[in-house]
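I have placed the structure first, in the form of C-alpha cells, so that the comments after it can refer back to it.
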Amino acid sequence: MRPLASDGTFYEQVYAKVRAIPFGRVTTYGAVSEALAGHAGAARTVGWALGALPRSQLDEVPWWRVINARGRISISSWPGAAEAQRARLEAEGVAFGPDDRTDLDRFGWWFAE
DNA sequence: GCGTTGACTATTG
DNA sequence: TCAATAGCCAACG
C-alpha cells in the first residue's frame, strides 16, 4: 500500500478502504488511518473525510462500518446519523450490547488480518 | 503557508 | 466507566 495520497486525496483513499470492508464487519477509524498512512494519528482525518462524504456516495461507501476504537458510535456529523448507522449495522447482523457497543472481537475486521 | 477544524485515540484522575 | 487533557494528521479557508 502506498504511503499517502498518490492516487487522489487522502479521503478518497479512505473511501476506497471503507468500500473494502466486507458485509457484516466493522473497523475503527484508527485501523483505517493505520492502513493508509501507516499510523493511527490520522484517525481524526478519517472521520473528517467521512464527514465530508457527499450524499451521492453515502450509498456506495459503507461508512456505517467504521466506528471508534471502543466499538461505539460517536457520530456528531448530522442528526440521526448514529441511529441510522446502528440500524444499518444491525441489518447486517452486527449485534449491539446494552451500552450501544459492538463486539470488536467478533465483528471487527482489520485490513491486515 | 498558517491557523482552525474534527464521525479519533491514549492517558490520567 | 466517565470526564478532562494532550497528541495526532490531513483538508479547508
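In what follows, chains are A, B, ... by sequence order, proteins preceding strands, each numbered from 1. Values in this document were obtained by computation on a predicted structure and should not be read as measured data.
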What contact category does A:T28 fall into here, base, sugar-phosphate, or nothing, at under 4.0 angstrom with non-hydrogen atoms?
sugar-phosphate
A:T27 side-chain N/O to A:W110 backbone N/O, donor-acceptor pair under 3.5 Å:
no
Looking across every strand, which nucleic acid part, if any, lies under 4.0 Å from A:A40 by heavy atom: base, sugar-phosphate, or nothing?
nothing
Please, what dot-bracket string fits DNA chain B when only Watson-Crick and G-U pairs with both distances under 3.5 Å count, crossing ones use [ ] and pairs to another strand use |?
.|||||.||||||
Selection from C:dA11, C:dC2, B:dT9 that lies nearest to any side-chain heavy atom of A:R72:
C:dC2
Look at the side chain of A:H39 and decide which nucleotide, out of C:dC9, C:dA11, B:dA10, has an atom nearest to it.
C:dC9
Base, sugar-phosphate alone, or nothing: which one does A:W63 contact when heavy atoms must sit under 4.0 Å apart?
base
Taking the minimum atom-to-atom distance to the side chain of A:T9, which one of C:dC9, B:dC8, C:dA11 wins?
C:dA11
To the side chain of A:N68, which of B:dT9, B:dA7, C:dA11 is closest?
B:dT9
Which nucleotide, C:dC9, B:dA7, C:dA11, lies nearest any side-chain atom of A:L50?
B:dA7
Could you give the OH-to-C1' distance, from A:Y15 to C:dA10, as a whole number of Å?
12 Å
Any base atoms under 4.0 Å from A:G51, or only sugar-phosphate, or nothing? Heavy atoms, all strands.
base
Counting only side-chain heavy atoms from C-beta out, which of C:dC12, B:dA7, C:dG7 sits nearest to A:Y11?
C:dC12
Regarding A:R44 and the six-membered ring of A:Y29, is the cationic atom NZ or CZ under 6.0 Å from the ring centre and inside 45° of its axis?
no
Of the candidates B:dG6, C:dT1, B:dT9, the side chain of A:W48 sits closest to B:dG6
Taking the side chain from A:N68 and the backbone from A:R70, do they hold a donor-acceptor pair closer than 3.5 Å?
yes
